[in-house]
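As structure tokens, the structure follows; a few thoughts come after it.
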Amino acid sequence: PGRLNYQVLEENARAMDGTATLKRVAILSTQAAREHRFELTLFLPNARQAPVPVFLLLNNRPVSNTDPTRREQSDFWPAEQVIARGYGIAAIQTNELAPDDKDRFRDGVIRLFENDATAGPSPTWAALGAWAWGARRVMDYFETDPRIDAKHIAVVGHSRGGKAALWAGAEDERFSLVVSNESGEGGAALPVHRCLRDLIRHFGDRAVAQPGVDEVGVDHALRVVTRLVERDLLVELVLGPVRAQAQPAPDRALPRVVS
């Protein structure tokens, strides 16, 4: 964007019964006379004095899954467990960047750049691209926060959020890790030769899409794979949803970070 600003909406150093500091940050983008705003929720562990690595979730589920008050807690975003191991954890709502809807996906950051263009598919990007763009703007903010180790940021997503996480990591080398859970044939399965062969056999030059939302042709799929290879991203396919354990997981699942 032409201009990027950050506004701290809330800061609470006694969150999670004193174990974490909560920050809610508005990320404001201006392009020409147009503006767009979305919100970042961030928890940082109080037990660490040094800058901390952070896991950033692209949340394509209801906002209650990343409730900043912690009155509602979700296995989808196990913030307390992550904080206990010395990491930061953050989330953005994908629908604040682009609704996941074939008729409304421009009603967000895409309109910041394309203004009132509404006819036909977007010539450059759609919902997943907008979500990845938001992750990159969060990284811009992370680089300004002295409590964050911006060299060690993981971008995380599930399903279509996992596709967007892969694209964010492929496009932006500042992300040191991508966690893409069940991102499917338009995501982590793209590097599998069988998947690409099937795309070409069944569709040829035609678009392969979740109807009307993200039109991804074979050429585009090949570009995604190329970017992943260029970045030397290691992708582990996870079969089944990630569930937080009722009891603390073994330390090998997420190593503790010490100052």
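- Between Thr66 atom OG1 and Glu72 atom CD the span is 9.5 Å, to the nearest 0.5 Å.
- The minimum heavy-atom distance linking Val52 with Gly88 is given by the pair CG2-N, 4.0 Å.
- Taking all atoms of both residues into account, the shortest heavy-atom contact from Ala164 to Ala132 is O-CB, 3.6 Å.
- In this structure the side chain of Thr21 never reaches within 4.5 angstrom of the side chain of Leu42, judged on heavy atoms.
- Between the OG1 atom of Thr30 and the CG atom of Asn5 there is a distance of 6.5 Å, given to the nearest 0.5 Å.
- Among residues at least two apart or in separate chains, salt bridge (charged side-chain N to carboxylate O under 4.0 Å, His left out) pairs with a member in residues 5-16 are Glu10-Arg24.
- The two residues Ala127 and Arg160 have their closest heavy-atom pair at CB-NH2, 4.2 Å.
- Side-chain contact between Trp133 and Ser29 is present, with at least one heavy-atom pair separated by less than 4.5 Å.
- Comment: Glu96 does not engage Arg37 in a salt bridge, judged by the lack of any side-chain N to carboxylate O separation of less than 4.0 angstrom.
- Residues Ile92 and Leu58 form a side-chain contact, since some pair of their non-hydrogen atoms from C-beta on lies under 4.5 Å apart.
- In terms of heavy-atom proximity, Gly157 sits nearest to Ala165 at N-CB, 3.9 Å.
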> Trp167 and Leu128: side chain to side chain contact (heavy atoms under 4.5 Å, CB included), yes or no, with the steps?
Replying inline: CA-CA 8 Å; Trp167 187 238; Leu128 302 186; over 6 Å; no
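- A donor-acceptor pair under 3.5 Å links the side-chain atoms of Ser74 to the main chain of Phe76, judged by distance alone.
- In this structure, the separation between CD1 on Ile27 and OH on Tyr141 is 8.5 Å, given to the nearest 0.5 Å.
- In terms of modelled atom types and a separation under 3.5 Å, the side chain of Asn95 and the main chain of Asn60 share no donor-acceptor contact.
- Looking only at side-chain heavy atoms (C-beta outward), Phe43 and Arg70 come within less than 4.5 Å of each other.
- Note: the hydrophobic cluster containing Val63 does not contain Val25 (ILVMFWY, side chain heavy atoms under 4.5 Å, direct or indirect links).
- Every salt bridge (Lys or Arg N to Asp or Glu O under 4.0 Å) that Asp145 has, sequence neighbours left out, goes to Lys23.
- In this structure, Leu57 CG and Asn59 CG are separated by 5.0 Å, a value rounded to the nearest 0.5 Å.
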> Run the side chain to side chain contact (heavy atoms under 4.5 Å, CB included) check on Leu56 and Val156 step by step: do they pass?
Replying inline: CA-CA 6 Å; Leu56 169 64; Val156 183; over 6 Å; no
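- Looking only at atom types and distance, the side chain of Asn46 has no donor-acceptor partner in the side chain of Thr19 under 3.5 Å away.
- In terms of heavy atoms, Trp77 sits closest to Asn65 at CB-O, 3.5 Å.
- Counting heavy atoms from C-beta on, the side chains of Arg174 and Glu143 come closer than 4.5 Å.
- In this structure, CD in Glu80 is found 4.0 Å from CE in Met16, a value given to the nearest 0.5 Å.
- Counting only heavy atoms from C-beta outward, the side chains of Tyr87 and Val54 never approach each other to under 4.5 Å.
- Leu22 is listed as a side-chain neighbour of Thr41, based on a closest heavy-atom distance under 4.5 Å.
- Residues Tyr6 and Leu28 are not in side-chain contact: their nearest non-hydrogen atoms beyond the backbone lie 4.5 Å or more apart.
- Considering all non-hydrogen atoms of both residues, Ile83 and Leu44 come closest at CD1-C, 3.8 Å.
- Atom-to-atom distance recorded for Met139:CE and Arg137:CZ is 10.5 Å, nearest 0.5 angstrom.
- Linking Ile, Leu, Val, Met, Phe, Trp and Tyr whenever their side-chain heavy atoms come within less than 4.5 Å puts Val138 and Leu4 in one cluster.
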